[in-house]
Amino acid sequence: MPRKQPKKRGPVEISENVENFPAAGKKVKVATKAPDEEEEEISHWLMKSEPESRFENGIDVKFGVEDLKECPDQTACWDGVRNYQARNFLRDKMKKGHQVFFYHSNTKQPGICAICEVAKEGYVDHTQFDPKDPHYDKEEPRWYMVDVKFRRMTQRYIPLAELKALHGQHKQSGGALRDLSLFTRARLSVQPISQEEWDFILSLETTPAKFEYLKAYR
DNA sequence: GCCAACGTTGGC
DNA sequence: GCCAACGTTGGC
């Protein structure tokens, strides 16, 4: 199933896990993030999933948008996330109706292919208790998931290469994608998207891809 | 398939 | 609390 920073420093919005860990007393590194991002109520997200077969502990973790479409009610639980920052978004921040970019990762041309929405808010990811699951984790409820419902394909595929080229430009110009999490927190599988970023990326749908963007940065 | 970046673990 | 070793992600 789904497998699945800006400049000024401030306290982290979540710092991980201290009270959730029975093995407390452990030191926990505290990430930091921009205060303005912290204060903004996030209502848009990007979630990564792999559209091609890949086996983890003998189990295929493939889950592309076509798989989502085939689910009952075109809705799936987003299980398997095992990263604390992503977990905290799933558990605390993602609300019903929030809009989500469905992103294909670990594929030839990674990029945004569809729009979904949060259909059910954070609840315990049951797969952590299944010893056969590739993401088995016997600890007390530690991992969370949301349900995601397919809404529509984007009008065109928006490749990572294009976003990356734009991100490069916007870092100079102060444009909408200057801090895009895809590049500032590359390894997060559940990422916050600001309203400004959401609107800009949506506007790309109806803007033909500029070929040079796709070649730049390669 | 490679490997850089980064998250996690654990010794001290 | 530091940091080296290790594991994972994910673009290329």
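Computation of the quantities below employed the complete heavy-atom set of this structure, encompassing side-chain atoms and omitting hydrogens, waters and symmetry-equivalent molecules. Quick note on labels: first sequence line is chain A, next is B, and so on, each numbered from 1. Just so we're clear, the structure is a prediction, and the values are computed from it rather than from any experiment.
Taking 4.0 angstrom as the limit, A/Lys108 places none of its side-chain polar atoms (N or O) nearer than this to OP1 or OP2 of C/dG11. Note on A/Tyr103: a side-chain N or O is less than 4.0 Å away from OP1 or OP2 of C/dG11.
Spacing between atom NZ of A/Lys48 and atom P of C/dT8 amounts to 17 Å, rounded to whole angstrom units. Taking atom CG of residue A/Leu188 and atom C1' of nucleotide C/dT8, one finds them 13 Å apart after rounding to whole Å. Rounded to whole angstrom, the span from the CD atom of A/Gln109 across to the P atom of C/dC12 amounts to 10 Å. Atom C1' of nucleotide B/dT8 and atom CZ of A/Arg87 are separated by 14 Å, given to the nearest angstrom. As a whole-Å value, the separation of A/Leu46 CG from C/dT9 P is 17 Å. The interatomic distance linking A/Arg82 (CZ) with C/dT8 (P) rounds to 14 Å, in whole Å. Put simply, CG on A/Asp137 is 13 Å from P on C/dT8, counting in whole angstrom units. Taking atom CZ on A/Arg54 and atom C1' on C/dT9, their separation rounds to 8 Å, with Å as the unit.
Each of C/dG10, B/dT8, C/dC12 was ranked by its minimum atom distance to the side chain of A/Tyr84; first place goes to B/dT8.
For the atom pair CZ (A/Arg151) and SG (A/Cys116), the distance works out to 9.5 Å, reported to the nearest 0.5 Å. Here the CZ-OG distance, from A/Phe89 to A/Ser189, works out to 10.5 Å after rounding to the nearest 0.5 Å.
Contact check on A/Asp137 versus A/Arg82 returns no salt bridge, with no Lys/Arg side-chain nitrogen under 4.0 Å from an Asp/Glu carboxylate oxygen.
The residue among A/Asn83 and A/Asn106 whose nearest nucleotide of DNA chain B is located toward the 5' end is A/Asn106.
A/Thr107 pairs in a side-chain hydrogen bond (donor to acceptor under 3.5 Å, both in side chains) with only one of the listed residues (A/Glu52, A/Glu50, A/Arg54), which is A/Glu52.
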